[in-house]
Structures are given as C-alpha cells and as structure tokens.
Number of protein chains: 2
Amino acid sequence: MILTRAEELCRERGVQFTALRREVLEAVAASEPPPGAYDIAERLSRPGRRVAPVSVYRALDFLMELGLVHRIASRNAFVPCAHAHGIGENVVFLICRTCGGIDETTSPEVESGLGKTLKRAGFTPAHSILEVEGDCGACRDKARGAG
Amino acid sequence: MILTRAEELCRERGVQFTALRREVLEAVAASEPPPGAYDIAERLSRPGRRVAPVSVYRALDFLMELGLVHRIASRNAFVPCAHAHGIGENVVFLICRTCGGIDETTSPEVESGLGKTLKRAGFTPAHSILEVEGDCGACRDKARGAG
DNA sequence: CAGGGAGTGATACACTGTAACAAAGCCGCC
DNA sequence: GGCGGCTTTGTTACAGTGTATCACTCCCTG
Ligand SMILES: [Zn+2]
Ligand SMILES: [Zn+2]
Ligand SMILES: [Zn+2]
Ligand SMILES: [Zn+2]
C-alpha cells in the first residue's frame, strides 16, 4: 500500500505526512485516469471546504520530492509511483491512448543504451523522462475481440 | 538549411508554405534558448502588425505535422528539427539546464532496448518522447575551467 | 508568554493552449 | 472576369495549468 510507504518515508526523513498530503495522495491513487491538479482540487472540495489548486500543487511537489508521485509531462497528470524505486532512477511511462491508463515500468536495456548515447554526445544527465503513448495489452485484446 | 527542406517538403505534399509559416519556422530556428509559442508571437509582432498566439500555434502544428519542428513537453518550448529524420522516429532531446540549449540526437541502442521493454510489457507503442535534462559538454567544460 | 518554522488558506496573477466565428486570399471552373 | 468552395489568417473569448505573495494557524522551544 502506497499510504504505508508514505508514512514510513516521512517518518524516516522527519517530515510531516499531513492530512492534506494524505488526501492528495489518496486522490492520485484512486483517480482513473490519472488526474490533473485541478481534478484533485475539485475532488477534495466539498460544500464548506474548498481545497485550492495551489494547495494541491504544494502537496504534489512534496509527494514528488519523496518519489511517491510522478508527473506525466505530456499529459499534465499525476500518477502514484508503482515501484518504490529510487529517486532519479529511469522509469518508462506507458500511456494508453484508449483507456487513458498510465503504467510504469523500469528498463535496464533503455538505461544502459541511454547511458552510451549520452556519453557519445558528451552530455551529463541529471534526470530524464520517457513517456510512450500507445495501446495497453488489455485495450488491444478488447479491440481484437471486437474487430 | 531548414527553410529549403521546408519548401521541398511542402512542394512534395502539395501544401502551402505561407509567409507566416516561414516566419514562425525562422523564429524557432533563430531563437536561443528555444522559445515558447508566446515568445514567437511577440517576436513576430511589431507596431502595426500583431501576430496572435493562436496563429503561432496553428503554424507550429503545421510544422510539427511535417516533422520540421519538435515540441519539448517538459519545457513547453519548440525546437527546429536538426536531423530530417522520419516522423515517429525516436529521438532523444538533450536539455542543458545551464545554457538552456536543447540538442537532438538519435539512439539505436535506446530504440532497441525500448522495443524489448515494450514487448515484455505487452504494450504497443504509437510514439514516444525522451527528454534528458543535464549539462551539455560546453557548459561542463566552462564550469571546469572556472571551478 | 515570545519567537520561529512548517503548513495551509486565500487572492491574484502569469503562462499555455483551444474554440468559434469572421474576414481574406487562393484556385479551379464556367 | 465573376462565382463557389477551400485554405489560411485575424480576432475575441475562454479553458487549463502553474506560481507569487501575504496572512493565518499550529506546534515546538526557550
Ligand atoms: Zn515510480
Ligand atoms: Zn488501455
Ligand atoms: Zn528532429
Ligand atoms: Zn549548456
């Protein structure tokens, strides 16, 4: 459970896992497809309690700092980290254009290949994003069954 | 020269390489660091002739369709294509966080590695973006000289 | 209680991108 | 040349995304 991981991580680092941060993380984890910041703000707001987007952004920054949430640059959306991997580790985001779902995987092959390419180009990497848009297995099977 | 390539490409496809499209392409090619759409609009505007951002977006869409311009998702910026490569071909963008310059390269290693990873994940790709942020060789050398 | 730091609320604003419709230019056809 | 249809551009308005700033609360410490 990502909430448990969040609690542990915050305890380790001596930072606060506040109610708002928890709620934002829950919203990111529960929303399908991956929500934008404004979607989260709307989801957390009710009559009598408005959560402003700016508060959501702050919570998201916090969660991204801890590696609990990733930002999908090509969608302006946020996904919960599925892997508990180290910060800065290269991940591949698989964005299904049919169901809108976003999966996350790692790729040693890409990592080593990219390392060679960067070395060849004389470029020192700090971090990178790799986002692939296409069709996930489930949607492809569905289409095949229907077609 | 990218303008020559643009003219040929438009002639081949029977589409118009209008004055505005040419100016937008020139602006993208001449601006350093890579400009946003609003930067381009401002650059092309003068007293007596205002180029609205929406016109720039349309020209950029056109140029991207032809593969003459790329959009950098992590920066909301646009760069001229440096390679005349096929549309959909995987490229790697090298974004220098010091000088802001964005270089473009291809990587067969990444391509094949990514292919394996996607197959393993059962994901059918349509297109992908790979953007690496770090320090370019020139800036690293400069820092070394100064440090 | 005074002081300080972290977190949140609230407002305003800047930046990025799109929708809708009108006006202008181009082009083939009569 | 004039007409009709298409593409391109202008104009306005708007939606969506993200940040700056300041005030307020809460909690901890001395
Ligand atoms: Zn992750
Ligand atoms: Zn899918
Ligand atoms: Zn290119
Ligand atoms: Zn540089």
Side-chain angles (χ1 to χ4, degrees), chain A residues 6-7 9-11 13-25 27-28 31 33-66 68-79 100 129 131, chain B residues 6-7 9-11 13-25 27-28 31 33-66 68-79 100 129 131:
Chain A
E7 286 168 5
L9 216 52
C10 289
R11 200 166 27 235
R13 305 208 184 185
V15 294
Q16 305 176 36
F17 190 51
T18 65
L20 179 65
R21 289 167 179 172
R22 168 186 294 269
E23 289 172 68
V24 169
L25 180 55
V28 170
S31 299
Y38 279 66
D39 297 326
I40 299 169
E42 191 177 351
R43 185 184 179 111
L44 296 185
S45 294
R46 316 145 153 263
R49 185 213 180 194
R50 172 181 127 89
V51 176
V54 61
S55 298
V56 174
Y57 277 111
R58 282 191 289 232
L60 287 171
D61 286 343
F62 174 88
L63 295 169
M64 284 191 289
E65 195 80 21
L66 265 58
L68 292 164
V69 165
H70 300 301
R71 180 179 139 78
I72 307 298
S74 61
R75 294 286 179 109
N76 298 321
F78 299 86
V79 294
I129 64 173
E131 304 177 5
Chain B
E7 286 167 4
L9 217 51
C10 288
R11 201 164 29 235
R13 306 208 182 184
V15 295
Q16 305 176 34
F17 190 51
T18 65
L20 179 64
R21 289 168 180 172
R22 167 186 296 270
E23 289 172 68
V24 169
L25 180 55
V28 170
S31 300
Y38 279 66
D39 298 326
I40 300 169
E42 191 177 352
R43 185 184 179 113
L44 296 185
S45 294
R46 316 145 153 262
R49 185 213 181 194
R50 172 182 128 88
V51 176
V54 61
S55 298
V56 175
Y57 277 111
R58 284 191 288 231
L60 288 171
D61 286 342
F62 174 87
L63 295 168
M64 284 192 286
E65 194 80 20
L66 265 60
L68 291 164
V69 165
H70 300 301
R71 179 178 140 78
I72 308 298
S74 62
R75 293 287 178 109
N76 298 322
F78 299 86
V79 294
I129 63 172
E131 303 177 6

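Every chain is numbered from 1, with letters handed out A, B, ... down the list of sequences.
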Next on the checklist: With side-chain contact (heavy atoms from CB on, under 4.5 Å) as the criterion, how do B:Phe17 and B:Leu25 come out once you've worked through the C-alpha distance, each side chain's angles and the decisive distance to 0.1 Å?
Outcome noted: CA-CA 10 Å; B:Phe17 190 51; B:Leu25 180 55; 4.1 Å; yes

Protein-nucleotides 12-19 of chain C N/O pairs under 3.5 Å:
from, atom 1, to, atom 2, distance (Å)
C:dG17, OP1, B:Arg71, NH1, 2.3
C:dG17, OP1, B:Arg71, NH2, 3.0
C:dG17, OP1, B:Asn76, OD1, 3.4
C:dG17, OP2, B:Tyr57, OH, 2.9
C:dG17, O5', B:Tyr57, OH, 3.3
C:dG17, N7, B:Tyr38, OH, 2.9
C:dG17, O6, B:Tyr38, OH, 3.4

Item to check | Close side-chain approach of A:Val15 and A:Phe62, heavy atoms under 4.5 Å | outcome: yes

Checklist entry - Less than 4.5 Å apart, any side-chain heavy atom of A:Ser74 and any of B:Ile129? => result yes

Send over the distance from [X] [atom1] to [N] [atom2], rounded to a whole Å.
{"X": "B:Arg21", "N": "C:dG25", "atom1": "CZ", "atom2": "P", "result": "16 Å"}
{"X": "A:Phe62", "N": "C:dT8", "atom1": "CZ", "atom2": "C1'", "result": "14 Å"}
{"X": "B:Leu60", "N": "D:dT8", "atom1": "CG", "atom2": "C1'", "result": "15 Å"}
{"X": "A:Glu23", "N": "C:dG7", "atom1": "CD", "atom2": "C1'", "result": "14 Å"}

Item to check | Pairs flagged by side chain to side chain donor-acceptor pair (under 3.5 Å) wherever residues 44-60 of chain A is involved - sequence neighbours left out | outcome: A:Glu23-A:Arg49

Checklist entry - Which pairs pass side chain to side chain donor-acceptor pair (under 3.5 Å) with one or both residues in residues 33-44 of chain A, sequence neighbours excluded? => result A:Ser31-A:Arg43

Checklist outcome for this item: Sorted by chain and number, sequence neighbours left out, side-chain hydrogen bond (donor to acceptor under 3.5 Å, both in side chains) with B:Asp61 holds for none

Item to check | B:Gln16: partners by side-chain hydrogen bond (donor to acceptor under 3.5 Å, both in side chains), with sequence neighbours left out | outcome: none

Checklist outcome for this item: B:Arg11 meets the salt bridge (Lys or Arg N to Asp or Glu O under 4.0 Å) criterion, sequence neighbours left out, with none

Checklist entry - Can you name the closest pair of heavy atoms from A:Ala41 and A:Ala52 and give their distance? => result CB-C, 4.3 Å

Next on the checklist: Please give me the minimum heavy-atom distance between A:Gly100 and A:Pro33, naming the atom from each residue.
Outcome noted: O-CB, 3.5 Å

Checklist entry - For the side chain of B:Thr18, counting heavy atoms from C-beta on, which of D:dT11, C:dG7, D:dT8 is nearest? => result D:dT8

Checklist entry - Nearest to the side chain of B:Gln16 - D:dT8, C:dT8, D:dG10? => result D:dT8

Item to check | For A:Glu7, the option from A:Arg22, A:Arg21, A:Arg13 that meets salt bridge (Lys or Arg N to Asp or Glu O under 4.0 Å) | outcome: A:Arg22

Checklist entry - Looking at residues 41-50 of chain A, who's got a heavy atom less than 4.0 Å off DNA chain C? => result A:Arg50

Might you list the N or O atoms of the protein lying below 3.5 Å from N or O atoms in nucleotides 23-30 of chain D, with each pair's distance?
none

Item to check | Inter-end axis angle, the helix from C:dC1-D:dG30 to C:dC30-D:dG1, with every axis fitted to five base pairs (rounded, 10 degrees) | outcome: 10°

Checklist entry - So which of A:Leu60, A:Val56, A:Leu68 actually passes side chain to side chain contact (heavy atoms under 4.5 Å, CB included) with A:Val28? => result A:Leu60

Item to check | A:Arg71: partners by side-chain contact (heavy atoms from CB on, under 4.5 Å), with sequence neighbours left out | outcome: A:Met64, A:Asn76, A:Phe78

